[in-house]
Amino acid sequence: MSTTLTGAPVSPGRAAGVVVTMPAPVPEPPLATVAETDVDAAVERVRAATTAVQESLLALAAGATGTAADVLSVTAALPADPTLASDAERRVRAGSRTAERAVWEAADALAAQLEPLGPPLSERARDVRDVRDRVVAELTGVRPPGVPAPGHPFVLVADDLAPADTATLDPAVVVGIVTSGGGPTSHTAILARTLGIPAVVAVQGAADIVEGETVVLDGGAGTVLRDPSDDEVRAARDAVRVERVFDGHGRTSDGHRVELLANVADPEAAQAAVAANAEGVGLFRTEFCFLGRDTEPSVAEQVAAYRGVLAAFGGKKVVVRTLDAGADKPLPFVTADDEPNPALGVRGLRTAVRHPEVLDRQLQAIAEAAAAESADVSVMAPMVATVPETVAFVDACERLGLSRAGVMVEVPAAALRSRSIFARATFGSIGTNDLTQYAMAADRMLGDLAPLSTSWQPAVLELVRATCDGAAAHGRPVGVCGEAAADAVLAPVLVGLGVRSLSMTPRALADVAAVLARVSFVRCRELAHLALEQPTADAARTAVRGALAEVLEELSL
């Protein structure tokens with residue numbers, strides 16, 4: 001008899017296949033010591049192994065694009081992180097630990113420090129352990145962590161996936177993903193959606209799924225069917241995902257305009273957005289030219305990097321986000337390494353308090369790049385919480401001729417005080433990932449908290465409405481650039497709440513456009529009201545999916 005497991009729906013589509021589970025983790029090295037005469041050699045082994053792992057991760061990043069490249073670049077910085085590398089060397093010298101044992105203990109100590117800090121730092125604990133396993137595997141000659149290659153298409157089942165694993169999945173081989181951990185805004189969820197692989201995370205009972213059995217999953221509904229019938233398997237395999245094409249003009253069925261934009265992280269990702277007919281860029285992440293460096297890139301380097309994206313969107317809208325350093329993206333020239341809780345610390349625009357020169361030089365580079373290209377450039381600051389922060393940022397932009405200066409609304413305080421903030425900011429963009437985790441006080445990596453970590457939460461939708469209402473009082477437009485924008489079912493709700501633009505992974509553009517084109521603006525308002533009236537996120541999602549049942553069936557979503 002079939003059994004249905006439920007979890008968080010994070011990447012739409014149906015899939016059926018034989019289960020392959022992730023291999024057992026790298027075994028913990030025994031507690032052992034080295035002779036005093038071998039200490040220097042052990043230290044050199046630590047350094048060589050961490051360098052080798054870093055180079056392999058950087059090679060993966062170089063072969064990836066967009067979000068995957070961004071995530072891998074951050075992960076690649078971990079092997080050489082002073083907190084990890086220097087502690088491992090200290091353990092070799094002070095405790096005569098073997099190289100592999102020293103790395104294991106140092107990584108566990110760092111992960112233990114990160115776990116209580118809340119998202120996004122707690123998420124990095126898993127990444128630290130993944131890097132630990134890779135370095136220990138390098139030192140001991142065992143098989144490093146990685147996705148199996150059985151030689152046939154399969155559904156991958158795991159507790160969770162490290163960014164280095166998820167970012168390199170082949171959608172032609174991995175037809176679906178099921179995890180017991182993670183949440184709707186975890187790296188696994190974001191990258192699965194980017195790759196177009198149906199995925200359900202935080203699945204209760206996923207740990208009981210065994211290698212070799214067949215399952216059917218529905219990434220839109222958040223279900224995993226064990227022991228399916230032949231007919232159910234056949235139906236899932238026949239439900240081939242329709243490859244739609246976006247015509248480059250987002251609107252509702254009655255012609256209400258909704259800009260459909262792309263999130264990009266580098267020039268290669270910009271080309272993918274152009275190929276998907278994105279109307280522009282709603283979030284240009286500029287960290288790609290800062291990550292993995294000990295020193296700030298020069299203005300000239302930044303100008304060249306930014307022009308690579310702006311050139312792809314001549315005459316079109318590009319919203320540039322200033323450096324979002326801190327928390328899970330520490331940079332030695334703007335962030336401290338001893339913050340007790342970096343997730344609630346100096347990150348985003350807050351780094352400009354101690355290092356205003358870094359922001360000033362970046363704004364100068366953005367202004368020069370904008371002047372050299374024909375893109376319609378706006379600029380926004382991340383992690384804005386107060387009116388004074390808004391005023392200071394807008395003034396800094398205006399001094400350099402950047403007249404369209406906006407803010408990201410990621411902190412509930414900014415949503416609640418949006419009327420005052422938009423008296424100065426010319427536009428807003430809601431980062432639903434951070435807004436959700438701060439509003440719900442929920443670590444997005446914890447499977448147990450997945451029901452909280454979704455933008456379908458009525459409280460989060462209320463904050464979206466509050467932001468749009470405050471901006472509307474001054475005639476300012478508000479967009480969404482978080483993962484919620486890529487949810488084709490949630491899109492009409494966001495539009496009904498007053499959102500004017502949606503920025504997402506390019507792969508999601510066609511589906512979002514198709515749903516919006518089949519509902520009127522009045523219907524979007526009704527769906528928004530319906531969602532807000534529900535007591536829970538699940539109830540809101542279920543109610544809206546029910547109201548859109550005919551549309552979703554027609555579109556196979």
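In this chain, numbering begins with 1 at the start of the sequence shown.
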Evaluate the side-chain proximity of [Y] to [X]: yes if any heavy-atom separation is below 4.5 Å, no if none is.
| X | Y | result |
| --- | --- | --- |
| Ser180 | Val203 | no |
| Leu435 | Pro412 | yes |
| Phe154 | Val175 | no |
| Pro267 | Arg307 | no |
| Val216 | Val233 | yes |
| Pro382 | Glu410 | yes |
| Leu156 | Val19 | no |
| Val92 | Arg45 | no |

As an exercise, state the distance from [atom1] of [X] to [atom2] of [Y], rounded to the nearest 0.5 Å.
| X | Y | atom1 | atom2 | result |
| --- | --- | --- | --- | --- |
| Ile190 | Glu483 | CD1 | CD | 4.5 Å |
| Leu261 | Leu283 | CG | CG | 10.0 Å |
| Met22 | Asp160 | CE | CG | 9.5 Å |
| Gln437 | Thr432 | CD | OG1 | 11.0 Å |
| Leu169 | Leu191 | CG | CG | 8.5 Å |
| Glu100 | Leu139 | CD | CG | 6.0 Å |

Is the backbone of [Y] close enough, under 3.5 Å, to the side chain of [X] for a donor and an acceptor to pair up by distance?
| X | Y | answer |
| --- | --- | --- |
| Glu301 | Cys289 | no |
| Glu55 | Ala52 | no |
| Asp324 | Glu287 | no |
| Arg101 | Pro29 | yes |
| Asp38 | Ala41 | no |
| Ser503 | Gly282 | yes |
| Gln362 | Leu323 | yes |
| Ser11 | Ile197 | yes |
| Ser2 | Asp227 | yes |
| Glu211 | Thr21 | yes |

Please determine whether a side-chain nitrogen of the Lys or Arg among [X] and [Y] lies less than 4.0 Å from a carboxylate oxygen of the Asp or Glu.
| X | Y | value |
| --- | --- | --- |
| Asp108 | Arg132 | yes |
| Arg285 | Asp266 | no |
| Glu138 | Arg134 | no |
| Asp87 | Arg91 | yes |

Walk me through it: do Leu359 and Thr322 pass the test side-chain contact (heavy atoms from CB on, under 4.5 Å)? CA-CA 8 Å; Leu359 175 62; Thr322 56; 4.0 Å; yes
Taking atom types as modelled and ignoring hydrogens, do the side chains of Trp456 and Asp538 form a donor-acceptor contact shorter than 3.5 angstrom?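 Checked: Trp456/Asp538 side chains show no N/O donor-acceptor pair below 3.5 Å.
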Pairing donors with acceptors under 3.5 angstrom, does anything connect the side chains of Asp159 and Thr179? no
Passes side-chain hydrogen bond (donor to acceptor under 3.5 Å, both in side chains), Thr505 versus Asn263? Steps please. CA-CA 6 Å; Thr505 175; Asn263 296 339; over 6 Å; no
Minimum heavy-atom separation for [X] and [Y], please, with both atom names.
| X | Y | result |
| --- | --- | --- |
| Ala442 | Leu452 | CB-CB, 3.8 Å |
| Gln302 | Ala365 | CB-CB, 3.6 Å |
| Pro198 | Ala15 | CG-CB, 4.3 Å |
| Leu195 | Pro171 | O-CG, 3.6 Å |
| Gly7 | Pro9 | O-CD, 3.5 Å |
| Ala16 | Ala236 | CB-CB, 3.9 Å |

Only one of Asp487, Thr454, Val201 passes side chain to side chain contact (heavy atoms under 4.5 Å, CB included) with Val10; say which it is.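 With Val10 as partner, side chain to side chain contact (heavy atoms under 4.5 Å, CB included) holds for just one option, Val201.
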Which residue is it: Thr223, Asp208, Leu217, Val224? I am looking for the one with a side chain to side chain contact (heavy atoms under 4.5 Å, CB included) to Leu5.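 With Leu5 as partner, side chain to side chain contact (heavy atoms under 4.5 Å, CB included) holds for just one option, Val224.
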Just checking Glu28: does its CD atom have more than 12 heavy atoms from other residues, nucleotides or ligands closer to it than 6.0 angstrom? yes
Step-by-step side-chain contact (heavy atoms from CB on, under 4.5 Å) determination, Thr286 to Arg321: CA-CA 6 Å; Thr286 56; Arg321 183 182 69 185; 5.6 Å; no
Walk me through it: do Tyr306 and Val320 pass the test side-chain contact (heavy atoms from CB on, under 4.5 Å)? CA-CA 9 Å; Tyr306 303 153; Val320 184; 5.7 Å; no
Which residues pass the salt bridge (charged side-chain N to carboxylate O under 4.0 Å, His left out) test with Glu232, not counting sequence neighbours?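 Glu232 satisfies salt bridge (charged side-chain N to carboxylate O under 4.0 Å, His left out) with no residue once adjacent residues are dropped.
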Begin with the C-alpha distance, continue with both residues' side-chain angles, and end with the deciding distance and a verdict on side-chain contact (heavy atoms from CB on, under 4.5 Å) for His355 and Glu296. CA-CA 11 Å; His355 300 281; Glu296 173 193 357; over 6 Å; no
